[in-house]
Amino acid sequence: MRHLLSVDDVTGDELLGLLDRADELKAERAARLRAQESLVGDELRGRSVALLFEKPSLRTRASFEVGVHELGGKALPMWDSEVGLGRRETIEDTGAVLGRYVHAIVIRTFGQDDLERLAAAAGVPVVNALTDHEHPCQALADLQTFREVHGGFDGRVLTYIGDGNNVAHSLLLAGAKAGLSIRIAHPEGYGPDESVVARAQQLAAQTGAEVTTTTDPRAASEGAHALYTDVWASMGQESEAAERARRFAPFQLTPALLSAAADDAVVLHCLPAHRGEEIAAEVIDSDRARIFDQAENRLHAQKALLATLLP
Ligand code: CP
Ligand code: NVA
């Protein structure tokens with residue numbers, strides 16, 4: 001593995017290996033906290049990691065910056081107002097220059113093609129911290145959280161209700177690789193890319209998982225072990241928010257959908273969440289929600305990723 005631009009850049013075994021490493025790092029951190037020891041290790045000692053954001057972020061920026069610190073490295077957070085990606089100079093020049101200073105580049109941007117251009121020029125590992133197409137770091141934390149709750153993936157189902165967006169794409173690929181069945185319930189015209197669904201189905205055929213899409217959220221929720229949702233209008237789609245709110249209204253994650261899921265089903269959301277839109281307040285604020293474990297696991301999963309990419 002050289003970059004993580006898509007979940008499809010890792011094999012199923014590599015994905016499970018990252019989750020194992022993330023669990024180990026989480027346990028080690030908890031033990032150090034209990035012993036009141038320093039949380040700073042040495043996996044990235046003497047290394048620097050650029051964190052470049054073209055869109056807002058709370059979890060990704062904070063978890064990567066703290067993660068690099070805890071691995072003994074130096075994080076360089078940068079905002080697009082300073083970098084002007086693709087405007088101040090070419091994306092290739094930005095990648096090549098940054099690659100002369102740092103040992104990895106973590107970037108949140110719009111187009112997957114821009115990410116690929118940066119990675120091709122950088123000469124150091126590049127990590128997708130969210131594009132319009134994928135959010136692979138989120139999927140790592142999501143699977144880590146699912147496995148903590150349910151103990152494994154085989155024979156289990158995660159249902160994602162809402163927009164067939166970046167988060168849905170990465171979940172489809174990650175679930176299929178890990179052997180976790182994924183059902184996507186979306187409004188007509190807002191499903192995941194057919195090419196991603198086809199690739200996930202191909203991968204799922206090798207792991208015994210099932211990948212399905214539907215426009216019926218109730219049917220998709222039946223017996224599921226996790227119900228997951230995300231905002232209806234992603235960053236960059238603000239002008240579509242009103243139309244999407246109308247189209248997505250029947251896809252709110254409600255107590256009724258949760259009662260159709262398995263008795264031990266949990267509620268997941270990548271956050272930020274909008275209570276009363278994609279998820280009812282009583283669902284996200286219930287004891288079934290694992291949203292803060294999910295957010296915390298971004299830290300452990302990304303530390304595992306960086307420690308693996310920068311051996
Ligand atoms: N889930 C997630 O990526 O959150 P941020 O947009 O706050 O980084
Ligand atoms: N789909 C959302 C995820 C935010 C973490 C977005 O792209 O805005």
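Side chains are part of it too, since the values below use all heavy atoms of this structure and drop only hydrogens, waters and symmetry mates. When a residue number appears, it is its place in the shown sequence, counting from 1. One-based numbering, in listed order, for ligands and for the atoms of each.
- What sits closest to atom 5 (C) of ligand 2 on the protein, heavy atoms only, is Leu271 O, 3.7 Å.
- At least one N/O-N/O distance between Met235 and ligand 2 falls below 3.5 Å.
- Inclusion of Lys55 in the set of residues having an N or O under 3.5 Å from an N or O of ligand 2 is not warranted.
- Closest heavy-atom approach to atom 3 (O) of ligand 1 among the candidates His135, His269, Gln294, Arg61: His135.
- What sits closest to atom 6 (O) of ligand 1 on the protein, heavy atoms only, is Arg108 NH1, 2.8 Å.
- For atom 7 (O) of ligand 1, the nearest non-hydrogen atom of the protein is Leu58 N, 2.7 Å.
- Per-residue contacts place Thr60 under 4.0 angstrom from the following atoms of ligand 1 (heavy atoms of the residue considered): 2 (C), 3 (O), 5 (P), 8 (O).
- Between Ser234 and ligand 2, a contact under 3.5 Å exists for at least one N or O pair.
- A donor-acceptor pair shorter than 3.5 Å can be found between the side chains of Gln294 and Asp142.
- Contact check on Arg156 versus Asp264 returns no salt bridge, with no Lys/Arg side-chain nitrogen under 4.0 Å from an Asp/Glu carboxylate oxygen.
- With hydrogens and angles disregarded, a donor-acceptor distance shorter than 3.5 Å links the side chain of His169 to the backbone of Asp193.
- Looking at Leu130 against ligand 1, nothing comes within 4.0 Å, counting heavy atoms.
- At a cut-off of 3.5 Å, with distance as the only test, no side-chain donor of Thr109 or Asp114 sits close to an acceptor on the other residue.
- Using a cut-off of 4.0 Å between Lys/Arg side-chain N and Asp/Glu carboxylate O, Lys177 and Asp8 are scored as salt-bridged.
- Salt bridge annotation for Asp20-Arg147: present, with a cationic side-chain nitrogen under 4.0 angstrom from a carboxylate oxygen.
- Side-chain contact annotation: Gln237 with Asn165, donor-acceptor N/O pair under 3.5 Å absent.
- When only modelled atom types and interatomic distance are considered, Thr215 and Glu188 share no side-chain donor-acceptor pair under 3.5 Å.
- Only the side chain of Leu130 comes within 4.0 Å of ligand 2, judged by heavy-atom distances.
- Protein heavy atom nearest atom 4 (O) of ligand 1, with residue, atom name and distance: Arg59 NE, 2.8 Å.
- The protein non-hydrogen atom at the shortest distance from atom 3 (C) of ligand 2 is Asp230 OD2, 3.6 Å.
- Not one N or O of Arg108 is nearer than 3.5 Å to an N or O of ligand 2, by distance alone.
- At a heavy-atom distance under 4.0 Å, no atom of Asp163 approaches ligand 2.
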